[in-house]
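In what follows, a structure is listed as structure tokens, so that the remarks can point back to it.
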Amino acid sequence: MIATTLSTIVIAMLAAGLLLALVQARRWRAGRAAEVDFVAGLKALPRRYLVDVHEVVARNSFNSRFHALTAGGFLASLVLIVALALPPLRHGAVWALLSLALAAMLAGGLMVGWRRRVERPAELSGGRFSRLPFALLAYAAAFLTVALDQTAGGLLPGWLALALVLVGAWGCAELVLGVWKGPLKHAVHGALHLVAHPRPLRFRDGAGRDSAIRPLDLEAPKLGTERPVDFDWNRLLGFDACVQCGRCETACPAYAAGLPLNPKKLIQDLVTALDEEGSDRSYAGHGHPGRPLGGVHGGPAEPVIGPMVHPDTLWACTTCRACVQECPMMIEHVDAVIDLRRFQTLELGATPGKAAGVLEELRATDNPGGRPLSRRLDWAVDLDLPVLAGKGGCDVLLWLGDGAFELRTQRSLRALVRLLRRAGVDFAVLGAEELDCGDVARRLGDEATFQDLARRNVTTLRRYRFDRIVTADPHALHTLRNEYRPFGLDVPVVHHTAFLLDLLREGLLKAETRLSDSVTYHDPCYLGRYNGEIDAPRALLDAIGLTRVEMERSGLRSSCCGGGGGAPLTDVAGERRIPDVRMDHARATGAATVAVACPNCALMLEGVVGPRPQVAEIAELVLAATEPRP
């Protein structure tokens, strides 16, 4: 009787959970059509769950262990309990296996309870999630007692065994029916999201890194995303996979600086907006800094920006991808931000702050500062830079970027040019033919201007012969390397730190002077997280003899300088400035110098006032180390 009751209850719960999941799926199907290779996604699901998701979860080993114990024990117990529905399988060995699975789950459940009830990390949401430890323990402990008793031949009184089954059934209902809105809905939604992911190439079964913004069809009747139903259906599914773990909240530089953006709340706002007359009154986590909870509302066909999400939340994002990097469910927060910005900019002309003026200058002059392109080389008049139009071809095309109009960046570019000359590199620049790469326009949602610049730059580049592009600007590197491909550019694009490292290793540059200062390296988001390059700059600093110390957040988990995504132009106010927060990280190392490898990072960090380490571009440090001895 116990086996029949147990298996019947669990099978009924699973059927109810499946039904609720199907009802949920109707909400996602209200979104736009999307091309999804379901067969490939299903084949890849085990690897994506066990390798890609596990890699993120395992960054905290305690979390990794309780996830493995809890999820593994729970899934194994479900299979075994369903098997007990068949009378021939009701023997001691199956009950013993079930006991092992439930014991593992019980251990995991106790760890979950420790984390949620004792440690209580601030980033975790409460609400329904607060009941999770009790549900896990009720299911595992009650069913484990029953399984052990059955393994021993059924020693407990019948009424007691039945009562334990009912206690476990409550836990099962909490867990399985949570597929509706409860703590474990990601068990279904997360798996479906991994199958139908909008960026399948970001997983290891694909290319492993896919961070380029997708081109927008400028002939579409609506440009960008206004309402939840304007997102592709699999992006809506992705939002619903959020488990409110708060890793994105902890990683977000805007949230750390008190700007009105919490990526977890943003995703939950988008989930809430999928419901008719949705409201955040039941949201149980941290909100957007400075924005009260309970006051937003919306629906699938209602505008997102305005009633549901304040415009400042949208424009506070630096597009640094720290939230994406930390999300265990592989949600694409930045794609959602860019889609919403596109509607605000292209359809409403509602780009805030200085950004609107910069976009106007960009459209009029092909330069965000409105400077004549013919003056791009004014800073280098004494360097007599070779221009590609005069040479016809070269080994290395040096892409200067719009930093060439900034005094600070000109200093580091001069160092880079001197190093190329010292190493005997055959290089040239485009000069007045180099237009802005379009990074800022695309991040601010002006896809039309980006595509115009991309097409004209590609046309220019294809007229000349060169082997590779080298640039000191990670934003230009990412754009040229990854976002110009749909427009016809497919040449190697190399960051200057990787190129200089090769020159040192080949002996074309030699470190003559040992620099004695300690240094900490700030990873640019568009070089590290966007393109995976975190080793070459460090190897370069090591090669010139500097003593390197790491900041609290570094490498792929580095914090943003605040200079990306057009954030300095939209200028949304917070409690602090993002570069001030980042400089605190640098000060804590005690290093005398912060080495940077991006014009934006140099400008943002040098703008921090008060006692601080000096800020040096890596090319400047390499130049100092390779100066010939007197």
Is the shortest heavy-atom distance from the side chain of [X] to the side chain of [Y] under 4.5 Å?
{"X": "E347", "Y": "E226", "value": "no"}
{"X": "W399", "Y": "C437", "value": "yes"}
{"X": "M583", "Y": "L605", "value": "yes"}
{"X": "T570", "Y": "L444", "value": "yes"}
{"X": "L398", "Y": "L420", "value": "yes"}
{"X": "V56", "Y": "H54", "value": "no"}
{"X": "P368", "Y": "V440", "value": "no"}
{"X": "T593", "Y": "T520", "value": "no"}

Under 3.5 Å, side chain of [X] to main-chain N/O of [Y], donor-acceptor pair present?
{"X": "T589", "Y": "A586", "value": "yes"}
{"X": "R414", "Y": "W379", "value": "yes"}
{"X": "R204", "Y": "G208", "value": "no"}
{"X": "N367", "Y": "G370", "value": "yes"}
{"X": "R422", "Y": "T626", "value": "yes"}
{"X": "R582", "Y": "I578", "value": "no"}

Looking only at heavy atoms, which two atoms of [X] and [Y] are closest? And how far apart?
{"X": "T409", "Y": "G403", "answer": "CB-O, 3.1 Å"}
{"X": "A428", "Y": "K391", "answer": "CB-CD, 3.9 Å"}
{"X": "L400", "Y": "E434", "answer": "N-OE1, 3.1 Å"}

* Test salt bridge (Lys or Arg N to Asp or Glu O under 4.0 Å) on R442 and D446 and set out the steps. => CA-CA 5 Å; R442 182 166 249 195; D446 189 351; over 6 Å; no

Above 12 or not: heavy atoms from other molecules or residues under 6.0 Å from [atom1] of [X]?
{"X": "R418", "atom1": "CZ", "result": "no"}
{"X": "R214", "atom1": "CZ", "result": "yes"}
{"X": "R462", "atom1": "CZ", "result": "no"}
{"X": "R375", "atom1": "CZ", "result": "no"}

Determine whether D205 and K43 satisfy the following criterion, salt bridge (Lys or Arg N to Asp or Glu O under 4.0 Å), listing intermediate values before the conclusion.
CA-CA 10 Å; D205 56 289; K43 288 180 179 176; over 6 Å; no

Query raised in the report: Is the distance between the ring centroids of F427 and F466 under 6.0 Å?
Result: no

Geometric cation-pi criterion, R48 with F203: 6.0 Å, 45°: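 Output yes; distance and angle both within limits.
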
_Mutual orientation of the aromatic rings belonging to Y530 and Y526 [parallel < 30°, tilted 30-60°, perpendicular > 60°]_ =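 Ring orientation of Y530 relative to Y526: parallel.
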
Inset, instruction - Apply the side chain to side chain contact (heavy atoms under 4.5 Å, CB included) test between L373 and each candidate in D436, T365, L435; give the one that qualifies. - result: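 Among D436, T365, L435, the one meeting side chain to side chain contact (heavy atoms under 4.5 Å, CB included) with L373 is L435.
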
Let's go through E332 and R321 carefully: what are the C-alpha distance in whole Å and the side-chain angles of both, what is the deciding distance for salt bridge (Lys or Arg N to Asp or Glu O under 4.0 Å) to 0.1 Å, and is it a yes or a no? CA-CA 9 Å; E332 296 285 344; R321 284 182 72 84; 3.5 Å; yes

